[in-house]
Amino acid sequence: MSRLLIVSNRLPLNVERKDGKLHFQPSLGGLATALGAFYKSRPSLWIGWPGIEQERLKKGEEKQIEDKLAEERCYPVFLSGKDVDDFYFGFCNQTIWPLFHYFPHFVEYDPELWQAYQRVNEIFADAIVGVAKEDDIFWVQDYHFMLLPKLIRDRLPRATIGFFLHIPFPAYEVYRLLPWRREILDGLLGANLVGFHTHDYVWNFLDSTRNLLGYGGSMGWVTTPDHVSKADVFPIGIGYEHYSSIAKSPEVDAEVKKFREKLGDRKIIVSVDRLDYSKGIPNRLEAYSLFLEKHPEYREKVVFILVIGPSRIKVQRYADLKQQIEEMVGTINGKFGTIGWTPLEYLYSPIPYHALLGLYKMADVCPITPLRDGMNLVAKEYLATKVDGKGVLILSEMTGAARELGDAIIINPNNIEEIAQAFADALTMPEKEQIERNRAMQERIKRYDISRWASDFIGKLYETKKVESGNMPVSMPDKAREELTSQYHKAQKRLFLLDYDGTLVPFTETPEEAKPDAELLKLLAELNSNAKNEVVLLSGRDKNTLANWFGGLKTGMVAEHGVWMKAKGGDWGMMTGLSDDWKDEARAILKLAVDRIEGSLIEEKDYSIAWHYRKADPRISERHIREIVNDLLNLTANSNLRVLEGSKVVEVKSANLNKGITARQWISKQDWDFILAIGDDATDEDLFQALPGNAWSIKVRPGVSAAKFSLDTPEDVRALLRELMVK
Ligand code: ADQ
C-alpha cells in the first residue's frame, strides 16, 4: 500500500508554550479528530503547521518538536509570525474565507497578503517534496493550500494528488471578483481529483474553470493542456459509531446530570459553533428573541445554551462579532430574564468532549443557522448522539448538510420570522415524528461516515489517476523513434494518415493564412512519391481548398472530415446519404455568435458549418462559448448531428462524419505493415481510436489523447517525417 501524505494547515497535535515549556495538545475538533482513525489505519504522514511561530522557539526546539511529532506520524512545517499573520489571518481568512462564503464586502484584496499565500504554499511544497518518497500519494486539505497541487505537480510531475475543499466553492459571479482567480484555479487543477461537499460546489468550480481558463470537459473531467483532473462530490461525514457509542457512556450521562441539576426540567435548545460571521449567530439570537416575544408561554420553560468556540480572534471582524454577540446575549437576558431564569446561557470556550456530547444528548432542539457553511458537522454530531431518536434539528438551507438532511426543519437564515416559528414547531413536534425524521437522517450519516468519506476519496483518486495514465501520450523517447524508423524501412506497404491544421502547419489567425509552404509541399511530395507509401491528408477543410493547395501532389485526401474523399491519384468522391437541411438553423445561431464576438467568423462547407474564434479577444469568447455550444447542443439533441469543439473552433456536422470512420475505410483497403497517424485536436481522437493495435499514433501538443506518443509542434512532425526518409 502506498504511503498517504495528508497536508493540512493544522496538525492533529498542537504545540503550545506554557510556563516556558513546550506542550503537545490534541487539536480540538475539526479534521484532525475526524481523520485520526483513518490515517492511523494505513502507512501515512501528516504534514502541517505545528501551531507555534518560529520566533517563539529556542535553539534546538524545532528538532524537539520534529522528534515528538514523528512519534505520531506527523511532520511540522515551521512558519514565521509574519507568515502566519499574512497567510493565515490575512489571505486565508480575510480574502478567501469571506469571498467563498459570499461576503464579498468583507474581502481584503491586498497584493501583500496574496504574496504571503504564494510564499507559504511554496514553503509547504518544498517541505513536502523534501519528505516525499516515490509512490507516495498526496491529499491536500482545504482553502489554505489551493496553490499546492500545482506546486507539487511542478516538482513531481507524475505524482498522484488529491485536493479537498472543506468550504463552499462560490458561484462564478462571486469567484470572478478575485484578482488571482486564474492562479487559484490553475493551482487546484494540479490535482488529479478535486473534491467538494456538494454538487453545487462542483458545478460552480467547473463553471469558473470553463469561463476563466476555457477548459472544457464533461462529467466533471477537466482537460488542461498537459493534464486531466476530475471534480467530484464527497459529502464529509463524522465518526458516527464513535459519537453514538460515547453518547451512551456513563461519563456523558454524568455530564447531563450535572447540567440538569442547574437547568431543571426545562426544554433545552443548544447550538455549537466556532466564532464566525458565516455561522449566522446574530440572526439566530434575534429569532430566539422574537420567539420569546411571540410565545410568552415558553418563558421560564426553555433555556438556550449558546456554545461558541474561540476562533481567529486576531482578525478584527471576529473580535467585533464576539462583542456583538455578547451585547445581544445581554439584551435578551435583560429583556426576558427573571430571578431564577436566564433565557440564554452563553459559553465562550472550547468544551471538553464528554460535556459537548452531554449537551447534544440533552438538547431538545439544535438550531443551525449559518448564512453559508461548506457542510456543518455539528448537525451530524447532534443527530449521532440522539440514541433514543428524540430531538429536533433546525437547519439552514445554506449549509452543505441541508443537501443530505432534508428531514430537518429547513429554514432560510435570513428569515427571522421563519426561524422563530421553527423554534415553536420544534418544541411542539410530537415525539413519534421526531423519531421518524431522525431515524432516516441517522441511517444516512451512519452509512456515509468519515472513514467511508476518506476511503471513497482515496479510491476515486486512484481511479482518476488510472484514467489519466492511460490517456496521456508520452513524448517520444529516442528508442521509440529508432523503432519507428526501423519499422518504416522494413515495411513494404505503408499508410500515413495525417491531419493538416495544427499538425503539419501551425495555427494562424484566419483559416486561409494556414496555406502550405514550399518546404511542406516538397516534403509531402517526396513522401508520397515513394511507391511503398500512401499518404492521406485528413482534414476538416472543404474540398476546394484542399484541391487548390495539394492538387498537384496526388496524395490521398479527405475533406470535411469525410464528406469528400480522394484516393492517391484518383478523383474526388462523396459520401452518400448525407443531408444539409439542418444548416439554416445552425447558421442562425453561429451568425449571432459572430455578431456578439468581434473577430470570430463562420466557415461553411458542404455538410458542416464551423465557427472560428481564434482572432477574438479570449476574455470575451470564453464567456460566450459555453452559451453558444449549449445552443448548438440543444439544436442537435436527438438528431444525427454532432457538435465538435476543436482548437478555437466549434463545428457542427453529421454524426456519421468523423475521421475514424474514414480512416477505417482506408485501413481496410490493404494489408498495411506500417501505419502512422498524426493529429492534434479532438477530431483526431476518432482517428486514433480507429487504429489497429500495432499502428503508430502521435498527438501534437501535450494533452489527454488516445495516441501513444506526443510531439510538441508541427515543426517536430516535419522533422520526424524527414528523418524517416533518410536511409
Ligand atoms: P468549521 O467551520 O469549523 O469546519 P463545523 O463543520 O461545524 O465547522 O465543525 C466545527 C467542529 O468544531 C465540530 O466538530 C464541533 O463539534 C467543534 N466545535 C465547535 N465549537 C466547539 C467548542 N466550543 N468546543 C468544542 N468543540 C467545538 C469547516 C467548514 C464546514 C465543514 C467542516 C468539515 O467550515 O462547513 O463542515 O470544515 O469539512
Side-chain angles (χ1 to χ4, degrees), residues 6 8-10 12 14 25-36 92-93 96-98 100-103 139-144 163-170 195-198 200-201 233-240 242-243 246-247 255 270-281 305-313 318 322 325 345-361 363 366-385 393 395-396 398-405 445 448-450 453-454 457:
I6 297 178
S8 68
N9 183 45
R10 301 303 287 268
N14 198 36
Q25 301 282 354
S27 299
L28 261 190
L31 191 72
T33 328
L35 268 182
C92 290
N93 287 317
I96 297 295
W97 181 274
F100 280 40
H101 285 87
Y102 295 79
F103 288 84
W139 191 7
V140 180
Q141 307 288 331
D142 226 358
Y143 64 105
H144 318 88
F163 178 91
F164 190 84
L165 187 70
H166 290 265
I167 64 174
F169 194 96
F196 301 90
H197 287 308
T198 73
D200 307 70
Y201 307 159
V233 181
F234 305 89
I236 198 170
I238 55 163
Y240 186 92
H242 183 70
Y243 275 89
I246 304 272
E255 294 290 341
V270 170
S271 74
V272 177
D273 312 82
R274 263 190 321 100
L275 178 73
D276 204 293
Y277 49 80
S278 66
K279 302 287 181 187
I281 301 163
I305 305 174
L306 180 72
V307 181
I308 297 192
S311 175
R312 304 174 197 168
I313 201 71
Y318 287 72
K322 180 169 180 278
I325 293 169
E345 295 282 354
Y346 169 59
L347 279 164
Y348 177 75
S349 124
I351 303 280
Y353 196 57
H354 288 110
L356 182 71
L357 267 63
L359 283 174
Y360 287 147
K361 189 173 180 181
C366 179
I368 295 178
T369 59
L371 302 174
R372 268 313 142 170
D373 210 339
M375 172 56 75
N376 192 290
L377 293 180
V378 172
K380 295 186 173 182
E381 293 168 3
Y382 174 68
L383 289 171
T385 60
L393 178 67
L395 185 59
S396 159
M398 307 300 170
T399 61
R403 294 271 175 271
E404 294 173 78
L405 305 176
I445 54 176
Y448 202 86
D449 67 356
I450 184 73
W453 172 78
F457 185 93

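For the numbers below, each heavy atom of this structure counts, side chains included, while hydrogens, waters and symmetry mates do not. One-based numbering, in listed order, for ligands and for the atoms of each.
- Remark: ligand 1 and W97 share no N or O pair separated by less than 3.5 Å (distance only, no angle test).
- Considering both main-chain and side-chain atoms, M375 comes within under 3.5 Å of ligand 1 through a nitrogen or oxygen pair.
- Every residue two or more places apart in sequence or in another chain was checked for a ring pair (Phe, Tyr, Trp, His ring centres under 6.0 Å) with Y382, and none qualifies.
- The nearest non-hydrogen atom to atom 6 (O) of ligand 1, considering only D276, L377, D142, comes from L377.
- Residue pairs meeting the salt bridge (Lys or Arg N to Asp or Glu O under 4.0 Å) criterion with at least one partner in residues 376-385, sequence neighbours excluded, are K380-E404.
- The ligand atoms of ligand 1 that sit less than 4.0 angstrom from a heavy atom of L356 are 16 (O).
- The one candidate from L306, L347, I305, V307 that meets the side-chain contact (heavy atoms from CB on, under 4.5 Å) condition with V272 is V307.
- Residue S349 has at least one N or O atom closer than 3.5 Å to an N or O atom of ligand 1.
- Residue-ligand proximity, H197 to ligand 1, at heavy-atom distances under 4.0 Å covers atoms 38 (O).
- In the vicinity of R274, heavy-atom distances shorter than 4.0 Å reach the ligand 1 atoms 1 (P), 2 (O), 3 (O).
- For ligand 1, one of its N or O atoms has an N or O atom of I351 under 3.5 Å away.
- Where the criterion is an N or O separation shorter than 3.5 Å, residue side chain and backbone included, H166 meets it with respect to ligand 1.
- For W453 and F164, the gap between ring centers is short of 6.0 Å.
- Annotation for ligand 1: atoms under 4.0 Å from non-hydrogen atoms of I236 are 38 (O).
- Atoms of ligand 1 lying under 4.0 Å from any heavy atom of E381, numbered from 1 in the order shown and given with element: 13 (C), 14 (O), 15 (C), 16 (O).
- In this structure, L275 and Y348 have side chains that are in contact, with non-hydrogen atoms separated by less than 4.5 Å.
- The two residues V270 and P367 make their nearest non-hydrogen contact at O-CD, 3.2 Å.
- Set against the non-hydrogen atoms of V378, the atoms of ligand 1 under 4.0 Å away are 7 (O), 15 (C).
- Residue I167 is tested with H101, M375, H197 for a side-chain contact (heavy atoms from CB on, under 4.5 Å); the sole match is H101.
- Residue V272 has at least one heavy-atom neighbour below 4.0 Å for each of these atoms of ligand 1: 19 (C), 20 (N), 21 (C).
- Counting heavy atoms closer than 4.0 Å to ligand 1, residue Y360 contributes side-chain atoms (C-beta onward) but none from N, CA, C or O.
- With hydrogens and angles ignored, the 3.5 Å screen pairs a side-chain donor or acceptor of Y201 with a backbone N or O of G374.
- In this structure the side chain of Y143 never reaches within 4.5 angstrom of the side chain of H166, judged on heavy atoms.
- Between V307 and ligand 1, a contact under 3.5 Å exists for no N or O pair.
- In terms of polar-atom proximity, G374 is counted as a contact of ligand 1, with an N or O under 3.5 Å from an N or O of the ligand.
- If you look at Y277 and Y318, their ring centroids are closer than 6.0 Å.
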